[in-house]
There are 2 protein chains.
Amino acid sequence: MPQQDIYSEYSFLLEKTSRRIKRYAQKQFVAFNFGVTVDQWMVMKHLYPSSQMSQSELAEITFKGTPTLTRIVDLLCAKGLAERMVDGQDRRKSQVHLTETGILKVENMQPKVSQIRKAAWNKLGEQDFEHFQYVLNTIYQNLSV
Amino acid sequence: MPQQDIYSEYSFLLEKTSRRIKRYAQKQFVAFNFGVTVDQWMVMKHLYPSSQMSQSELAEITFKGTPTLTRIVDLLCAKGLAERMVDGQDRRKSQVHLTETGILKVENMQPKVSQIRKAAWNKLGEQDFEHFQYVLNTIYQNLSV
DNA sequence: AGAATTTAATTGCTATGATAATTATTGCTA
DNA sequence: TAGCAATAATTATCATAGCAATTAAATTCT
C-alpha cells in the first residue's frame with residue numbers, strides 16, 4: 001500500500017463502519033418487527049410527539065435531500081404513521097405530522113432503539129467519544145466549502 | 001435531547017460525515033471527468049495492474065455485496081475498462097481483470113484520487129488518526145457477532 | 001400590476017445497498 | 001454414482017442517495 005493511499009484507507013474504514021452500524025440497526029428493526037426502516041424512524045423521531053414540520057425542514061434536520069424526504073413521507077403516510085397538511089400561510093409547503101398510530105409507534109420503539117444504538121459503542125468511554133466527535137466534525141468542516 | 005439518545009447522535013454524526021466524504025469525492029470525480037463513480041474506482045483499484053479476481057473476492061475486499069459487484073462489473077465492462085473471463089478450474093466463477101484502457105485510467109486517476117482523498121483529513125495529525133482508527137475498529141468489532 | 005426570481009415539493013434517472021430467490025456448477029457423501 | 005448440499009453469479013424487489021428538471025406558489029423588482 002503506497003503511503004499516499006492511507007487517506008483512502010481511512011475513508012474506506014469510515015464508510016465501512018458507518019454501513020455496519022446502519023446494517024446492524026436495520027436488522028434489529030426487522031427482528032423487532034418495527035415495520036419501518038431506520039431512515040423512516042429518523043424522520044418520525046423528529047415529529048414526536050406533535051411537531052409540525054415541512055419536508056424541507058425535515059430534510060435539513062435529517063441531512064437528507066428533499067426528493068428522499070418526499071419518498072420517505074410517502075411511505076410513512078401509506079403506513080398510516082404520518083399525514084401531510086397543506087400549510088395555511090404557504091400553500092407550497094406541506095406540514096407533516098404523526099398520526100395517533102405514529103405517536104404510539106414512536107413511544108413503543110424509542111427505548112428499544114436506544115438499546116440498539118448503544119451496542120455499537122461498547123467498551124468506549126467519554127474521552128473516546130469526545131475525540132471521535134472532534135475528528136468527525138473536523139472532517140465535516142474540511143469538506144464544507 | 002434525552003441522555004439515552006447520545007448514541008443515536010454519534011451514529012448520526014458518523015453517517016453524516018461518511019456521506020459527506022463520499023459526496024465530496026464523487027463531485028471531484030465528476031469535475032475531473034473521470035467517467036467512473038467512486039465505487040467503480042474502488043473495484044478498479046483492486047484489479048490494478050493485472051490482477052485477476054472473482055466477483056466474490058472483489059465483493060469481500062470492497063465490503064460490498066455480490067449483487068452490487070455484478071452491477072459494477074457490468075458497468076466497467078460496458079465502459080471497456082474491465083472484462084470477465086470464465087475461470088478454467090471453476091466455471092461458476094468469472095475472473096475479472098482490467099483492459100488496457102482500464103489500466104491506463106487507473107494510472108491517470110491514482111495521483112488525483114490521492115489528492116482528493118487527502119482533503120478530508122486536513123488539520124488532523126497522526127494521533128488523531130490512530131485514535132480514530134481505534135474507535136472505528138472497536139465499533140466494527142462490537143457489531144461483528 | 002406584471003415580469004422575473006426564488007422556493008417547496010415532486011418526478012425521473014442512475015447508482016448503490018440489502019435481502020430473497022434462481023440458475024449453474026461443484027463438491028460431498030451415502 | 002446418484003442425490004444432496006454448498007458455492008458463484010445473477011436477477012428481482014424495495015429503499016435510499018444524488019442530480020437534474022419540472023410544477024406550483026410565493027417573493028421581489030421594477
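The chains referred to below are lettered A, B, ... by the order of the sequence lines, with proteins before strands, and numbering in each begins at 1. What you see below is based on every heavy atom in this structure, not just the backbone, and it leaves out hydrogens, waters and symmetry mates.
A donor-acceptor pair under 3.5 Å links the side-chain atoms of A/Thr17 to the main chain of A/Leu13, judged by distance alone. In this structure, the side chain of A/Asn142 engages the main chain of B/Asn122 through a donor-acceptor pair within 3.5 Å.
Shortest non-hydrogen contact noted between A/Val96 and A/Ala82 is CG1-CB, 4.2 Å. Of all the heavy atoms in B/Met53 and B/Leu47, the pair that sits closest is CB-CD2, 4.0 Å.
Within a heavy-atom distance below 4.0 Å of DNA chain D, no residue of residues 34-43 of chain B is found.
Here the C1' atom of nucleotide C/dA8 and the CD atom of A/Gln95 are 11 Å apart, to the nearest Å. Going from atom CG of B/Asp74 over to atom P of C/dA15 covers 11 Å, rounded to whole Å. One atom, CG of A/Asp87, and another, C1' of C/dT10, lie 17 Å apart when rounded to the nearest Å. The distance from atom CZ of A/Arg84 to atom P of C/dA8 is 16 Å, rounded to the nearest whole Å. Look at CD1 on A/Ile21: it is 18 Å from C1' on D/dT16, rounded to the nearest Å. Residue A/Phe29 contributes atom CZ, which lies 15 Å from atom P of D/dA15 at whole-angstrom precision. Put simply, CD on A/Gln55 is 8 Å from C1' on C/dA8, counting in whole angstrom units. Taking atom CD of A/Gln28 as the reference point, atom C1' of C/dA18 lies 16 Å away to the nearest angstrom.
Using five terminal pairs a side, the axes of the helix from C/dA1-D/dT30 to C/dA30-D/dT1 at its two ends make an angle of 10°, given in steps of 10 degrees.
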When you compare the protein's N or O atoms with those of nucleotides 18-22 of chain D, which come within less than 3.5 Å of each other, and at what distance?
unit_1, atom_1, unit_2, atom_2, d
D/dG18, OP1, B/Arg23, NE, 3.0
D/dG18, OP1, B/Arg23, NH2, 3.2
D/dG18, OP2, B/Arg23, NH2, 3.4
D/dG18, O6, A/Arg71, NH1, 3.1

Quiz item: Checking side chain to side chain contact (heavy atoms under 4.5 Å, CB included) for the pair B/Phe32/B/Met109: CA distance, chi angles, key distance, verdict?
Solution: CA-CA 9 Å; B/Phe32 276 108; B/Met109 287 176 66; over 6 Å; no

Self-check item: Intermediate values then yes/no, side chain to side chain contact (heavy atoms under 4.5 Å, CB included), B/Phe132 and A/Tyr134
Solution: CA-CA 10 Å; B/Phe132 191 59; A/Tyr134 162 74; over 6 Å; no

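Nearer to the 5' terminus of DNA chain C, by closest-nucleotide assignment, is the contact made by A/Leu69 (compared with the other of A/Lys22 and A/Leu69).
Within 4.0 Å of A/Ser56, counting heavy atoms only, lie sugar-phosphate atoms of the nucleic acid but no base atom. Within the nucleic acid shown, B/Ile72 comes within 4.0 Å of sugar-phosphate atoms alone, with no base atom in reach, counting heavy atoms only.
Rounding to the nearest 0.5 angstrom, the gap separating the NZ atom in A/Lys22 from the NZ atom in A/Lys27 is 14.5 Å.
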Quiz prompt | Under 4.0 Å protein heavy-atom contact, by nucleotide of nucleotides 24-29 of chain C - B base, S sugar-phosphate only | solution = BBS---

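Side-chain contact of B/Asp87 with B/Ser54: a donor-acceptor pair under 3.5 Å is absent, judged by distance alone.
Figure legend: cation-pi geometry between A/Lys112 and A/Phe34 absent, as NZ or CZ is not positioned both under 6.0 Å from the six-membered ring centre and within 45° of its axis. Geometric assessment of B/Arg117 against the ring of A/Tyr7 yields a negative cation-pi assignment under the 6.0 Å and 45° thresholds.
Between A/His131 and B/His131, the ring planes are tilted. Angles from 30° to 60° get that label.
Annotation for A/Gln133: atom CD counts as buried by contact number, over 12 foreign heavy atoms lying within 6.0 Å.
Residues forming a side-chain hydrogen bond (donor to acceptor under 3.5 Å, both in side chains) with A/Arg19 (at least two apart in sequence, or on another chain): A/Glu15.
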Show me, pair by pair, the donor-acceptor contacts under 3.5 angstrom made by side chains of residues 97-104 of chain A, not counting sequence neighbours?
unit_1, atom_1, unit_2, atom_2, d
A/His97, NE2, A/Glu83, OE1, 3.4
A/Thr99, OG1, A/Gly80, O, 2.7
A/Thr99, OG1, A/Leu81, O, 3.3
A/Thr99, OG1, A/Thr101, N, 3.4
A/Thr99, OG1, A/Gly102, N, 3.1

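For D/dT16, neither phosphate oxygen OP1 nor OP2 lies less than 4.0 angstrom from any side-chain nitrogen or oxygen of A/Gln26.
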